[in-house]
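Worksheet for the structure shown next.
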Amino acid sequence: MIPFLDLKAINAQYRDELIEACTRVIDSGWYIAGNELTQFEQAFASYCGTKHAIGVANGLDALILTLRAWKELGKLKDGDEVIVPSNTYIASILAISANDLVPVLVEPDVATYNLCPKQTEAAITAKTRAILPVHLYGQLADMPTIMAIAQRHNLLVLEDSAQAHGAELNGKKAGNWGDASGFSFYPGKNLGALGDAGAVTTNDDQLAETLRALRNYGSHEKYKNLFQGTNSRLDEIQAAMLSVKLKHLDTEIAHRRKVADAYIQGINNPAVTLPLTLNSSPLTRENHVWHVFVIRCEQREALQKHLLEHGIQTLIHYPIPPHQQQAYKEWNMHSYPVSELIHQQVMSLPMGPTVTDEQVAQVIAAINTFKI
């Protein structure tokens, strides 16, 4: 069986380094808010090209706490509208709801699966205060256009970079385009911890200071509390694991791009729509880090069964769009045709830094023998 993602094999590459880092933390006697966190935050900020990286417990908290910080700073208030893609993973929307803000769902560009700038601008109302673009599947959204829209309308921009560590456009990486960005280091991400972890990147000193307090019970100084905060801290063990893996991220991204290139060049089944053949604008090599390699097929169930019979595991990102989830039942009667089409047809092929040439060839051969 070719696994969709082999986390054990990925981490085995760095086993000695990870054990050494873990041992260093154990022997230090300091397990929360210590040197490992500081070093990782500095390294990740430098990698993204930002002034600050603030480690938090997970990617959802990164988004929630950023919106919360803007409320504390008077930049947002209850009832303000935040534009968000209608085809994202639900976490992007949960962060908005958790802050008593109003999610405004906007359809994606079917060519890129990312937020459509034209529809984004059309959705802006007198209550709109922020845009939350999601770099879905590892590809940067059209940030130059989105930032221009935000500037015209005086809106905040919070990137959801949970799937796009290292993606770059015009010399600027994911996490350095908006006013802030939320990252997830869930184990399956391109930069994955060995547990839950997340971070916010920003160039805003005041926002960074507010976030550091909010993640630590609202405390900027021990036993003094500026805000009614929460406990959302990136611990020393996970920070140490991430410091090890950050050093190898660009090498892993290069391998993912090699796998993607092979899929694009080798898959020629007319029943399958490849990412690049969909793009209405040029896709630079740098702006996609291939967190997942997503194809579309009208006969998705049949294709998925065919691949499984050939020993190939696939996943669907994602089977149910947010507006059809029970969690947002008030939206269940709404129609978002592009998102619904995407969710009905997408399927993710095996992708990762340990996928071999032989496995790629096997996947390509199996897809090309699929018949409707």
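Not measured: the values here are computed from a predicted model.
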Are any of the side-chain heavy atoms of Arg300 and Ile316 separated by less than 4.5 Å?
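Of all side-chain heavy-atom pairs linking Ile316 with Arg300, at least one is under 4.5 Å.
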
Would you say the side chain of Tyr217 lies within less than 4.5 Å of the side chain of Asn225, judging by non-hydrogen atoms?
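Yes, at least one pair of side-chain atoms sits under 4.5 Å.
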
Side chain to side chain donor-acceptor pair (under 3.5 Å) involving Asp196 - partner list, sequence neighbours excluded:
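Asp196 satisfies side chain to side chain donor-acceptor pair (under 3.5 Å) with no residue once adjacent residues are dropped.
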
Among all residues two or more places apart in sequence or in another chain, which pass the side chain to side chain donor-acceptor pair (under 3.5 Å) test with Asp250?
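Listed in chain order: Tyr47.
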
So which residues get pulled into Leu308's cluster when ILVMFWY side chains under 4.5 Å apart are joined, directly or through others?
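Besides Leu308, the cluster holds Met1.
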
Under the salt bridge (charged side-chain N to carboxylate O under 4.0 Å, His left out) rule, what pairs show up with a residue in residues 170-184, not counting sequence neighbours?
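Every salt bridge (charged side-chain N to carboxylate O under 4.0 Å, His left out) pair that includes a residue of residues 170-184, provided the two are not neighbours, is Glu168-Lys173.
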
Output every pair passing salt bridge (charged side-chain N to carboxylate O under 4.0 Å, His left out) with a member in residues 214-239, not counting sequence neighbours, ordered by first then second residue.
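Found Glu41-Arg215, Glu221-Lys224.
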
Which residues satisfy the salt bridge (Lys or Arg N to Asp or Glu O under 4.0 Å) test with [X], sequence neighbours excluded?
{"X": "Glu121", "value": "Arg152"}
{"X": "Arg257", "value": "none"}
{"X": "Asp16", "value": "none"}
{"X": "Lys189", "value": "none"}

Between atom CG of Leu60 and atom CG of Leu63, what is the distance when rounded to the nearest 0.5 Å?
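Output value for this atom pair is 6.5 Å.
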
Ionic contact status for Lys51 with Asp204, cut-off 4.0 Å:
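The answer is no: the pair does not qualify as a salt bridge.
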
Identify every side-chain donor-acceptor pair in residues 78-85 under 3.5 Å, counting partners at least two apart or on other chains, and give the distances.
| from | atom 1 | to | atom 2 | distance (Å) |
| --- | --- | --- | --- | --- |
| Asp78 | OD1 | Lys71 | NZ | 2.4 |
| Asp80 | OD1 | Lys77 | NZ | 3.2 |
| Asp80 | OD2 | Lys77 | N | 2.8 |
| Glu81 | OE1 | Thr125 | OG1 | 2.7 |
| Glu81 | OE1 | Thr128 | OG1 | 3.4 |

Can you list everything that forms a ring pair (Phe, Tyr, Trp, His ring centres under 6.0 Å) with His248? Sequence neighbours excluded, please.
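Applying ring pair (Phe, Tyr, Trp, His ring centres under 6.0 Å) to His248 gives Tyr14.
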
Per the side-chain hydrogen bond (donor to acceptor under 3.5 Å, both in side chains) rule, what does the pair list look like for residues 338-351, sequence neighbours excluded?
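As it turns out, the side-chain hydrogen bond (donor to acceptor under 3.5 Å, both in side chains) pairs with a partner in residues 338-351, which skip direct neighbours, are Ser86-Ser339, Glu107-Ser339, Arg296-Gln345, His317-Ser348, His323-Glu340.
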
